[in-house]
Number of protein chains: 2
Amino acid sequence: MHLTRYTDYALRVLIYLAVKGEERSTIHEIAESFGVSRNHLMKVVQDLSRRGYITTIRGKHGGLLLNRAPEEITLGGLVRDTEHELSLVECFRDHNECIITPACRLKPIFNEAMEAFMAVLDRYTLADMLGVRQQQLARLLLIPAEET
Amino acid sequence: MHLTRYTDYALRVLIYLAVKGEERSTIHEIAESFGVSRNHLMKVVQDLSRRGYITTIRGKHGGLLLNRAPEEITLGGLVRDTEHELSLVECFRDHNECIITPACRLKPIFNEAMEAFMAVLDRYTLADMLGVRQQQLARLLLIPAEET
DNA sequence: TTAAACATGTATATAAAATACTACTTAGCG
DNA sequence: CGCTAAGTAGTATTTTATATACATGTTTAA
């Protein structure tokens, strides 16, 4: 049971952008920072852009910026947006062939568990990710200190 | 985000055995009933046996029996036993290379979410799976009605 | 008008999971 | 005593999802 790297990377991009603040960041720079595939990050970035999380600016001196306040980006929302397959077991999927489905009580129980999981994530926002640790994060990401 | 079929099948085996009650069931019969790989089920059964969930009897007229009362088998326990990889994102694993881990607040949050998820599963037992629907389950599984 | 940036589609590689295969052990039954 | 139905165990193969790479296009500031 785990989330995909896709979701993981989406979170990292948002954290990076939030730490960097007003200044533009490039995909290249973020990929370098985390030591992950630049091409894969591109897909993630496009998705985040299409969904309105970030703004992308093409051309020289282009880059990425957060498009929403960190306080308004919930973890739950993001996970729901980027994790396509949230179906825990076969009976949640389209091609379910489990014969006991009509009488089985597992589905509602797993549903309840899933909701409890998401409820926790809904309580936290990107702003909660930073907080007092913003400076430390900036250092780890090799982002020059902001003069805030 | 989903559980493996391995866990799914483990649950199905337990449900089958619980519905069948006192009578022995064979792996073959269970695999047929659900239309799943007999060989894969074998691994699951061995695992359930090693962990004390079920008793296996070799030889002619052998088969499987539940080794604990359905009321004492919790969903949470089973999932923890059969789902080996409960690490949601990279920083939960052994070979974590995410550079912001020391300052990152995601891990404790995901931990909390995971605990909320498991807490729900811990509240339900195999007995809850059957309840009023036992007859219907027996019919779906093509198990001759018990004279209870 | 060029270079730095994002955009898009397709192809390949990797890793995990599922399944299949093979050989073996146990135990009831005739 | 030997046959057969059942579980045991290890290994190999296939499948699938995910991740990564590659190739090419588009935008825009300098």
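Here the structure is a predicted model, which means the values were calculated and not measured. Letters go in sequence order (proteins before strands), and every chain restarts at 1.
Out of C:dC21, C:dC6, D:dT8, the shortest distance to the side chain of B:N39 is found at C:dC21. Considering only the side chain of A:V45, C:dA7 comes nearest among C:dA20, C:dA7, D:dT20. For B:T26, taking side-chain heavy atoms from C-beta onward, the closest of the listed nucleotides D:dA9, C:dA7, D:dA6 is D:dA6.
Applying a 4.0 Å cut-off to non-hydrogen atoms, the residues of residues 5-16 of chain B that approach DNA chain C are B:R5, B:Y6, B:Y9, listed by residue number.
Protein atom CD1 of A:I54 is 8 Å distant from nucleotide atom P of C:dA7, rounded to whole Å. A straight line from CG of B:L41 to P of C:dA18 spans 12 Å, rounded to a whole angstrom. When rounded to the nearest whole Å, the span between NE2 of A:H40 and C1' of C:dA7 equals 16 Å. We find that CZ of A:F34 is positioned 17 Å from C1' of D:dA19, with the value rounded to whole Å. One can place CE of A:M42 at 11 Å from C1' of C:dA4, the figure rounded to the nearest angstrom. The CZ atom of B:R50 sits 12 Å away from the C1' atom of D:dG7 (whole-angstrom rounding). For the pair A:H2 NE2 and C:dA17 C1', the interatomic distance rounds to 10 Å; values are reported in whole Å. Rounded to an integer number of Å, the gap from B:I27 CD1 to C:dT19 P is 15 Å.
With ring centers used as reference points, B:F92 lies 6.0 Å or more from A:H2.
In this structure, OG on A:S25 lies 9.5 Å from CD1 on A:I54, to the nearest 0.5 angstrom. With rounding to the nearest 0.5 Å, the separation of CZ in A:R123 from CD in B:E112 is 5.0 Å. Rounding to the nearest 0.5 Å gives a distance of 9.5 Å between CE of B:M118 and CG of B:L75.
Mapping A:K43 and A:L64 onto DNA chain C via the closest heavy atom, the residue that lands nearer the 5' end is A:L64. Along DNA chain C, the nucleotide nearest B:S37 and the nucleotide nearest A:Q46 are compared for position; the residue whose nucleotide lies closer to the 5' end is A:Q46.
For B:E83 and B:T7, the side-chain atoms include at least one donor-acceptor pair closer than 3.5 Å. Remark: the A:D47 side chain and the A:T82 side chain contain no N/O donor-acceptor pair separated by less than 3.5 Å.
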Could you write out each protein N or O paired with an N or O of nucleotides 25-29 of chain D at a distance under 3.5 Å?
| unit_1 | atom_1 | unit_2 | atom_2 | d |
| --- | --- | --- | --- | --- |
| D:dT26 | O2 | A:R58 | NH1 | 3.3 |
| D:dT27 | O4' | A:R58 | NH1 | 2.8 |
| D:dT27 | O2 | A:G59 | N | 3.4 |

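Comment: B:K107 does not engage B:E90 in a salt bridge, judged by the lack of any side-chain N to carboxylate O separation of less than 4.0 angstrom. Ion pair B:R133/B:D128 not flagged as a salt bridge, since none of the NZ, NE, NH1 or NH2 atoms sits closer than 4.0 Å to an Asp/Glu carboxylate oxygen. A salt bridge between A:E29 and A:R24 is absent, with no side-chain N of the basic residue lying under 4.0 Å from a carboxylate O of the acidic one.
Contact annotation: A:T56 reaches the phosphate of C:dA7 (side-chain N/O to OP1 or OP2, under 4.0 Å).
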